[in-house]
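Taking it in order: structure first as structure tokens, then the write-up.
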2 protein chains.
Amino acid sequence: MQTTAAATEERTEEALTRTDICSAPPRRHPRPDGQDQYTISEVVAFTGLSAHTLRWYERIGLMSHIDRSHTGQRRYTNRDLDWLDLVGKLRLTGMPVADMVRYAELVREGDGTYGERCALLEETRRDVQARIAELQDTLAVLDRKISFYTDAGRVREAETTR
Amino acid sequence: MQTTAAATEERTEEALTRTDICSAPPRRHPRPDGQDQYTISEVVAFTGLSAHTLRWYERIGLMSHIDRSHTGQRRYTNRDLDWLDLVGKLRLTGMPVADMVRYAELVREGDGTYGERCALLEETRRDVQARIAELQDTLAVLDRKISFYTDAGRVREAETTR
DNA sequence: TATGACCTTGGAGTGCACTCCAGGCAAGCG
DNA sequence: CGCTTGCCTGGAGTGCACTCCAAGGTCATA
């Protein structure tokens, strides 16, 4: 039952992001009453995103519709926070928001999109690796320049104290 | 003579970028006539930047004034190409153009700004390292997700072929 | 010498990712 | 009750880094 197709059906992307197959970090902000709801300002505090941005993410479909309180205020769940974590990670790879929205749509469309999701992630992975390589290249250039300036400073100092 | 202050005076930032202390790559696009001048479209071909962008870089002071032909057309030198290399590197660290302009100004101001330049580079270096760490983090997340999707695909396949 | 590709300028326009605003509702408190 | 604080909405505004345009001058080749 654990490894049947039914179980796989259960393990959607959201499930993956929630607890996760290989020991996701056990962070989260439990309520004393065991509730799993956060106001927008709490989410602002957790994520560093602005409330504006959070609402905007929802509007453009980067987040599926957030639960509302009886008065219509947003109530974010842990699942939402996990999704925001992922979005944050993808964001700093430089992935355009439109692509993230595309991924979010695939998730909403259900299990039939596994292949496409996987392809998207693999492409992103390649991008990230390329970017890391570029940055390491840049690091080498910076080190070269820094050591030049450091040496120049030493020479100058030697000149003035001698 | 090689290590005196006079020699240091000679080795400005531009000199550093031109050939460089520790074996810069020996790329460049020599002319048959030994000239060291390139039209804007050649520079476009070398750098991948658009002509618009190259002119804009000059306007905002990210490049010091480019030599002109007798009719006023831009003639880029190898020095300019080297500077563009550096700019390209800094650009993909995410450094804002304004900061690069600041650095360019320091270079133009002369040797008195070594300290400030060095500080700027060191800060950038820290940023780059932090960014690399973030990206590696992201890579781990992507790998986790990709292997999830891959496994799910295998399970599904096993289900359908059995 | 004419054709077309290439170059010049200042200024306006574009796309992205937010960011803010006006106007209003709802809850908690003295 | 009034006041503050927090949240809601649609739509407009912002800042960055380009990107393009109009109108014209230059250059290489046939």
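The model shown is predicted, which means the values in this text are computed figures rather than measured ones. Heavy-atom basis, side chains included; hydrogens, waters and symmetry copies ignored. Proteins come first, then strands; the chains are lettered A, B, ... in the order of their sequence lines, and each starts at number 1.
Taking a 6.0 Å sphere around CD of Glu123(A), one finds it holds 12 or fewer heavy atoms contributed by other residues, nucleotides or ligands.
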Nucleotide N/O of nucleotides 27-30 of chain D paired with protein N/O under 3.5 Å:
from: dC27(D); atom 1: OP1; to: Thr71(B); atom 2: OG1; distance (Å): 2.9

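Under the 3.5 Å distance criterion, the side-chain polar atoms of Thr53(A) are left unmatched by any main-chain donor or acceptor of Leu49(A).
Taking Asp143(A) as the reference, Arg125(B) meet the side-chain hydrogen bond (donor to acceptor under 3.5 Å, both in side chains) condition, with sequence neighbours excluded.
Salt bridge absent: Arg74(B) and Asp67(B) never bring a charged side-chain N and a carboxylate O closer than 4.0 Å.
Between the C1' atom of dC7(C) and the OH atom of Tyr76(B) lies a distance of 11 Å, rounded to the nearest Å. If you take CD1 of Ile66(A) and C1' of dC7(D), they are 15 Å apart, rounded to a whole angstrom.
With 3.5 Å as the limit, one finds no donor-acceptor pair spanning the side chains of Tyr38(B) and Asp80(B). Remark: the Arg117(A) side chain and the Tyr103(A) side chain contain no N/O donor-acceptor pair separated by less than 3.5 Å.
Shortest non-hydrogen contact noted between Glu109(A) and Thr113(A) is OE1-CG2, 3.6 Å.
In terms of phosphate contacts, Ser41(A) brings a side-chain nitrogen or oxygen within less than 4.0 Å of OP1 or OP2 of dC7(D). Between dC7(C) and Arg74(B), no contact under 4.0 Å exists linking OP1 or OP2 to a side-chain N or O.
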**Prompt:** Reading nucleotides 15-21 of chain D 5' to 3', which nucleotides get B (base under 4.0 Å from a protein heavy atom), which S (sugar-phosphate only), which -?
**Reply:** --SBBB-
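Residue Arg131(B) is tested with Ile132(A), Leu139(A), Leu135(A), Thr138(A) for a side chain to side chain contact (heavy atoms under 4.5 Å, CB included); the sole match is Leu135(A).
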